[in-house]
Colleague: 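Take this structure, written in C-alpha cells, and hold onto it; I'll ask about it next.
First listed ligand is number 1; within each ligand, the first listed atom is number 1. Because the structure is a prediction, the values reported are computed rather than measured. Atom set for the values below is all heavy atoms of this structure, side chains included, hydrogens, waters and symmetry mates excluded.
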Amino acid sequence: MLGILKNKFTTFISSLTKKKEEKEEKKEEKEVNKDKITEGNKEIKEEKEVKRDIIVTEKEQVLSKEISSEASNEPKEKEITKKDEIKKEEVNKGVKVDLSLISKIKGIFTSKIKLTEGDLNPAIDELRMNLIDSDVAYETSDKICRKIFERLKDKEINKNEVDKFVNKEIKETLLEILNKNELNMKFTEWAKTKTKPVKIVFFGINGTGKTTTIAKFGKFLLNNNKSVVFAAGDTFRAGAIEQISIHGEKLGIKVIKQEKRGTDAAAIIYDAVEYAKAHYIDFVFADTAGRMQTNKDLMNEMKKVVKVMNPDLKVFVADALTGNDAVEQAREFNDAVGIDAVIIAKMDAAKGGCVLSIAHTIQKPIIFMGIGQNYDDIREFDAKWFVDEMVG
Ligand SMILES: Nc1nc2c(ncn2[C@@H]2O[C@H](COP(=O)(O)OP(=O)(O)OP(=O)(O)O)[C@@H](O)[C@H]2O)c(=O)[nH]1
Ligand SMILES: [Mg+2]
C-alpha cells in the first residue's frame, strides 16, 4: 500500500549515501595518489641522498688514503656504518607505509563526513518531485523537503552511518507533521473521556466511503465490547437508507431511520441520540449525504446537523484515491464546520501521500484508515507505524 512512497524515501537515502561514498572514494583516491607521489618523491630523494653519501664515502676514502699512507680500518668502519644507516632507512620507510595504511583503514570506520548544500540540493529536489508523484500535495512536499534539508545541512556524520542518520531525520520530520494530533491517544482511550453516548457524525463528498466506514467502525466497536446505534442521516440519495439498513442488519446494529426520502436529517440524528440515551448505548454514528463543497443547500444542512446533534467528533472521510482533491475538500469542510478528525478510506488502493497532505493542511488527527471493502478492513491510524512503513 505504501510501497511507492517507501521507494521514494529509500531512493533519497541511498542517493545521498551513494553520493557521499563516491565523493569519499574520489577523495581517498586523490589522497592515495598524493601519498604515492610523496612516497615516490621521498624514494627519489632518499636514492639521491644514498648516492650522494656513497660518493662522499668514496671521496672520503680517497682523501683518507691520501692523508694517511698507513693502512687504516677507519674507512671500512665508516662504510659499514653507512650501509647500516641505509638499511635502517629502508626499514623505517617500510614502517612509515604500514602506519599510513593503518590510519587509512581506521579512517574508514571513524572519519566523519559533512552533508553540504551541494550534496543535498539535487537529492532534495528529486525527493520533492517523487513525493508530489506519490500524491503528496506540493505545499506539503515542499515543507517536508525544507525540514529535511535543515536537519541534514552541514551535519557531520560518521561515514558508515549516513543512511541510518538520514533515515532517522526523515522519520522525525514526518512524525512532526503527523503528530499534530489533538486526540493524541488511541480512539478507545479518547472515548473514555467523553460522556455516554459518544456522538460522532461523518462528513465527506459523494462516494468517499462514509457509509462503509460507519459499518466497519461499528464492527470495530462491537469487537471492543461497545454498543452503537446508527442514524440514517443520508436522506438525499436514493438507496442510502437501504444501504445503511443492510449493514445494520448484518452487524446486529440498530438503525434509526425514516423510510421517506428527503426527511430532515437533523431530526433523524436527534432521534438516534435520544434512543442511545434511553438504551444506554455507548456510541451514536450519524451518516450524512455526500455533498460537494460547492452545494450550498447540503452544506447548510451539515451546519444544522452539527447544531442539533452537538457531536463529540466531526469526522471527515477522505478518499485516498482522490489525492490532492481530498486535501482541498478537507480544507473546505474544515472551514465550514470545523473538522475534528479524519478517516482515510481506500488506502489499500492508493499511494498514501494524501495522509501527509491532509495532516499537514488541516492539522487534524487521522484516526482510522480503511484498507478494503470488508467489515474488518479498518485499522487505527498509528503515525509511527505509518512512518516506519514509508521510510523503512
Ligand atoms: N477498496 C476500498 N473500497 C472502499 C473502502 N471504503 C469504501 N469503499 C468502497 O467505496 C464505495 C463507496 O462507498 P460508500 O460507503 O457508499 O461511500 P459514501 O461516501 O457513503 O457515498 P455516498 O453515500 O454516495 O456519499 C463502495 O463501493 C465501497 O465498497 C476501502 O477502504 N477500500
Ligand atoms: Mg453513503
Side-chain angles (χ1 to χ4, degrees), residues 1-4 135 187 200-220 228-251 253 255-259 261-263 265-266 268-269 272 284-295 297-299 301-302 305 314-323 325-330 332-333 336-337 339 341-355 358 366-382 385-386 389:
M1 153 176 55
L2 296 171
I4 296 171
D135 280 352
F187 172 81
I200 303 181
V201 61
F202 297 78
F203 294 122
I205 71 153
N206 307 65
T208 52
K210 292 177 295 300
T211 311
T212 314
T213 299
I214 287 172
K216 291 195 257 186
F217 201 167
K219 169 92 189 310
F220 170 88
V228 55
V229 58
F230 291 162
D234 180 358
T235 56
F236 182 76
R237 182 173 62 82
I241 299 166
E242 198 192 350
Q243 187 189 359
I244 196 162
S245 303
I246 293 171
H247 285 311
E249 236 168 77
K250 283 188 183 164
L251 294 166
I253 292 172
V255 179
I256 305 296
K257 59 187 174 186
Q258 291 276 337
E259 297 299 343
R261 251 183 86 200
T263 320
I268 295 165
I269 294 167
V284 181
F285 282 3
D287 193 14
T288 63
R291 63 206 72 215
M292 290 307 290
Q293 60 274 37
T294 44
N295 187 328
D297 285 347
L298 281 173
M299 289 303 263
E301 185 197 70
M302 186 171 71
V305 165
K314 288 164 277 175
V315 173
F316 175 73
V317 180
D319 179 341
L321 289 172
T322 60
D325 283 348
V327 180
E328 212 32 59
Q329 289 151 17
E332 296 198 25
F333 275 76
V337 280
I339 294 299
V342 180
I343 293 181
I344 307 212
K346 308 184 193 176
M347 278 290 286
D348 50 307
K351 293 179 190 167
C354 78
V355 170
I358 289 180
I366 292 160
I367 52 171
F368 282 85
M369 290 189 311
I371 50 169
Q373 289 177 290
N374 299 317
Y375 289 133
D376 287 321
D377 291 336
I378 189 165
R379 69 176 290 166
E380 262 190 289
F381 184 76
D382 177 347
W385 169 86
F386 182 79
E389 279 290 301

Colleague: What protein heavy atom is closest to atom 21 (O) of ligand 1, reported as residue, atom name and distance in Å?
Modeller: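 Heavy-atom neighbour on the protein nearest atom 21 (O) of ligand 1: G207 N, 2.9 Å.
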Colleague: Which of the numbered atoms in ligand 1 are under 4.0 angstrom from any heavy atom belonging to R237?
Modeller: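 In order of number, 22 (P), 23 (O), 24 (O).
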Colleague: With sequence neighbours excluded, what pairs up with D234 under the side-chain hydrogen bond (donor to acceptor under 3.5 Å, both in side chains) test?
Modeller: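 Expected list: none.
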Colleague: Taking only heavy atoms of Q373, which atoms of ligand 1 are found under 4.0 Å from at least one of them?
Modeller: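 The atoms of ligand 1 under 4.0 Å from a heavy atom of Q373 are 1 (N), 2 (C), 3 (N), 4 (C), 9 (C), 27 (O), 28 (C), 29 (O).
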Colleague: Has the side chain of D319 got a donor or acceptor atom that lies under 3.5 Å from a matching backbone atom of L321?
Modeller: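 Checked: pair present.
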Colleague: Nearest 0.5 Å please: distance from the CD1 atom of I200 over to the CD1 atom of I367.
Modeller: 6.5 Å
Colleague: Taking only heavy atoms of G290 into account, list the atoms of ligand 1 that are under 4.0 Å away from them.
Modeller: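 Those atoms are 25 (O).
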Colleague: From E389 CD over to D382 CG, what is the distance, rounded to the nearest 0.5 angstrom?
Modeller: 10.5 Å
Colleague: What protein heavy atom is closest to atom 16 (O) of ligand 1, reported as residue, atom name and distance in Å?
Modeller: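 Protein heavy atom at minimum distance: Q243 NE2, 3.1 Å.
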Colleague: Which residue holds the protein heavy atom closest to atom 25 (O) of ligand 1, what is that atom called, and what is the gap in Å?
Modeller: K210 NZ, 2.8 Å
Colleague: Of all heavy-atom pairs between V317 and A345, which one has the smallest distance, and what is that distance?
Modeller: CG1-CB, 4.3 Å
Colleague: Run the numbers for me: atoms of ligand 1, each under 4.0 Å from some heavy atom of N206, listed by number.
Modeller: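 Listed by number with element, the hits are 25 (O).
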Colleague: Can you list the ligand 1 atoms lying under 4.0 Å from a non-hydrogen atom of K216?
Modeller: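 So the atoms of ligand 1 that pass are 5 (C), 6 (N), 30 (C), 31 (O).
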Colleague: Decide whether the shortest distance between a heavy atom of A240 and an atom of ligand 1 is less than 4.0 Å.
Modeller: no
Colleague: With a cut-off of 6.0 Å (strictly less than), are more than 12 heavy atoms of other residues, nucleotides or ligands near CZ of F236?
Modeller: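 Open.
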Colleague: Can you name the atoms of ligand 1, numbered from 1 with element, that are less than 4.0 Å from a heavy atom of I371?
Modeller: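 In order of number, 31 (O).
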Colleague: Of the protein's non-hydrogen atoms, which lies at the shortest distance from atom 17 (O) of ligand 1, and what is that distance?
Modeller: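 I find the closest protein heavy atom is G209 N, 3.0 Å.
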Colleague: Quick one: which residue pairs count as a side chain to side chain donor-acceptor pair (under 3.5 Å) with a foot in residues 204-216, not counting sequence neighbours?
Modeller: T211-D287
Colleague: So for T208, does at least one of its heavy atoms come nearer than 4.0 angstrom to any atom of ligand 1?
Modeller: yes
Colleague: Assess M369 for proximity to ligand 1: is some non-hydrogen atom of it under 4.0 Å away?
Modeller: no
Colleague: Would you mind listing which atoms of ligand 1 come within a distance below 4.0 Å of any non-hydrogen atom of D234?
Modeller: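 Per the distance check, 23 (O).
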Colleague: When rounded to the nearest 0.5 angstrom, what distance separates CD1 in I241 from NZ in K257?
Modeller: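 The NZ atom of K257 is 8.0 Å from CD1 of I241, to the nearest 0.5 Å.
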Colleague: Near the Mg ion (ligand 2), which protein N/O/S atoms fall under 2.8 Å?
Modeller: T211 OG1
Colleague: Atom 15 (O) of ligand 1: which protein heavy atom is closest, and how many Å away?
Modeller: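 The closest heavy atom on the protein side is T212 OG1, 2.5 Å.
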Colleague: Considering the heavy atoms of G370, write down every atom of ligand 1 situated less than 4.0 Å from one of them.
Modeller: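 Result: 31 (O).
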Colleague: I need the I366 CD1 to I358 CD1 distance, nearest 0.5 Å.
Modeller: 6.5 Å
Colleague: Would you check if D348 and D377 make a side-chain contact, meaning some heavy-atom pair closer than 4.5 Å?
Modeller: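 Not in contact.
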Colleague: What verdict does the side chain to side chain contact (heavy atoms under 4.5 Å, CB included) test give for F386 and M347, after you've listed the backbone C-alpha separation in whole Å, the side-chain angles of each residue and the deciding distance to 0.1 Å?
Modeller: CA-CA 12 Å; F386 182 79; M347 278 290 286; 4.0 Å; yes
Colleague: So which bit of D348 gets within less than 4.0 Å of ligand 1, heavy atoms only: side chain, backbone, both or neither?
Modeller: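 Contact part for D348 vs ligand 1: side chain (C-beta onward).
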Colleague: Could you check E242, E249, Q243 and say which one makes a side-chain contact (heavy atoms from CB on, under 4.5 Å) with I246?
Modeller: E242
Colleague: For F368, give me all partners under side-chain contact (heavy atoms from CB on, under 4.5 Å), at least two apart in sequence or on another chain.
Modeller: F187, F217, F220, I343, I378, E380
Colleague: Is there a polar contact between ligand 1 and A289, counting only N or O atoms under 3.5 Å apart?
Modeller: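 There is no such contact.
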Colleague: Can you name the one residue among F333, F285, F230 that meets ring-ring contact (aromatic ring centres under 6.0 Å, His included) with F202?
Modeller: F285
Colleague: Return the residue, atom name and 0.1 Å-rounded distance of the protein heavy atom closest to atom 31 (O) of ligand 1.
Modeller: K346 N, 3.0 Å
Colleague: Just verifying a value: how many Å separate K346 NZ and C354 SG, rounded to the nearest 0.5 Å?
Modeller: 11.5 Å
